[in-house]
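Presented below is the structure to which this report refers.
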Amino acid sequence: MAISVQSLIAERKYPFVFSLFVLLIFVACLLLTSDQSPLNFTSDLVRMGSRSQTTSSPPRPVSNPPISNPSPETVRGGDHLSLNSSVTPGEVQLNWKLCEGVVAVDYIPCLDNFVAIKALKSRRHMEHRERHCPEPNLQCLIPLPKGYKVPVPWPKSRDMIWFDNVPHPKLVEYKKDQNWVRKSGDYLVFPGGGTQFKDGVTHYIDFVEKTLPIIDWGKHTRVILDVGCGVASFGGYLLDKDVITMSFAPKDEHEAQIQFALERGIPATLSVIGTQRLPFPDNVYDLIHCARCRVHWDADGGKPLLELNRVLRPGGFFVWSATPVYRSDERDQNLWWL
């Protein structure tokens, strides 16, 4: 049935009629004032929609400018890096220079800052073994030792490493009677002995747990700190007990002992108990171990012990062991009774 204006009026649908009338006026005005037909207006809307979709699509990834590896002909003796001005725009080429000096292979900027060490007013508290980082930071490459090979993989590396990767025979000769490390052909071999481990480190680890069963390696005691670690055999063998050990020792006359530990794949760092705080947060270690270490625990009113207490968790243990020869030393006897 057709709907007419007369029928709408007869049914008194005035609001609807009024709305329809206003809509007709609006459409007429739009057609009169527009410079383009409705068809063109619709096509423009379509073009705008496609343009917005293109804009909102994710951008293509931009690759980083290529950086070249250092050239074999890199000049020795620099402490900075330079940009090669001959490269084409958009490319960056870094020419790294090698660190120079007679100790370049073992160079550690914060520990080999001889200018800062020479200027120290005192060495009484091991200040010369602490970190003194240069300003500004050096930017040079440490050269690899001559004949460097791909490291021996773990767990084999716990017991043997390539000699050419850590070519330091001094410690081998110095500790030859204590079974720390020995040279065998192209390898450095670690028998698992040491000054304190006459029957082997495994026997020593079991002895510590037997002496104090609550230690319970791998369950009650899982994260420990080994002070004066030597070549870190103690921490290396504790991995069999599901114990993670952070071993540390100073860079001293025991040449490259921490280098040996790292090459073996055992967590280790260079540090010393002196005037600076140890680089560890508070309350993190279940146990702190020190075997035959000559730390003056009572120095400065016992500050070294207070520093160990800071990093030891509440309820943790401090295990300090020594060989029987220490019993005849008056200073050591006094320390035992602190």
- [ ] Locate the shortest heavy-atom distance separating S247 from A232; write the atom from each residue and the value.
- [x] OG-CB, 3.8 Å
Open item on the list: Checking F163 against D186 for the side-chain contact (heavy atoms from CB on, under 4.5 Å) test, could you report, in this order, the C-alpha distance in whole Å, the side-chain angles of both residues, the deciding distance, and whether it holds?
Closed with: CA-CA 6 Å; F163 173 77; D186 294 333; 5.8 Å; no
Task: V311 side chain near P281 side chain, heavy-atom distance below 4.5 Å - done: no
Task: Flag if over 12 foreign heavy atoms under 6.0 Å of NZ, K183 - done: yes
Task: Aromatic centroids of F190 and W180 separated by under 6.0 Å - done: no
Task: Pairwise distance CG(N165) to CG(L262) - rounded to 0.5 angstrom - done: 12.5 Å
Open item on the list: Under a 4.0 Å threshold between the charged nitrogen and the carboxylate oxygen, would K219 count as salt-bridged to D286?
Closed with: no
- [ ] Step through it carefully: locate the ring centre of F318, locate the ring centre of W297, and say whether they are under 6.0 Å apart.
- [x] yes
Open item on the list: Taking the six-membered ring for Trp, are H132 and F114 closer than 6.0 Å centroid to centroid?
Closed with: no
TODO: Compare all side-chain heavy atoms of E127 with those of I117 and state whether any distance is below 4.5 angstrom.
DONE: no
- [ ] Report yes if the distance between the aromatic ring centroids of F280 and Y285 is under 6.0 Å, otherwise no.
- [x] yes
- [ ] Determine, for K241 against D206, whether the closest basic-nitrogen to carboxylate-oxygen distance falls under 4.0 angstrom.
- [x] yes
Task: Exercise: do R131 and S271 side chains pair donor with acceptor under 3.5 Å - done: no
Open item on the list: Using a strict threshold of under 4.0 Å (side-chain N to carboxylate O), is an ion pair present between R222 and D216?
Closed with: no
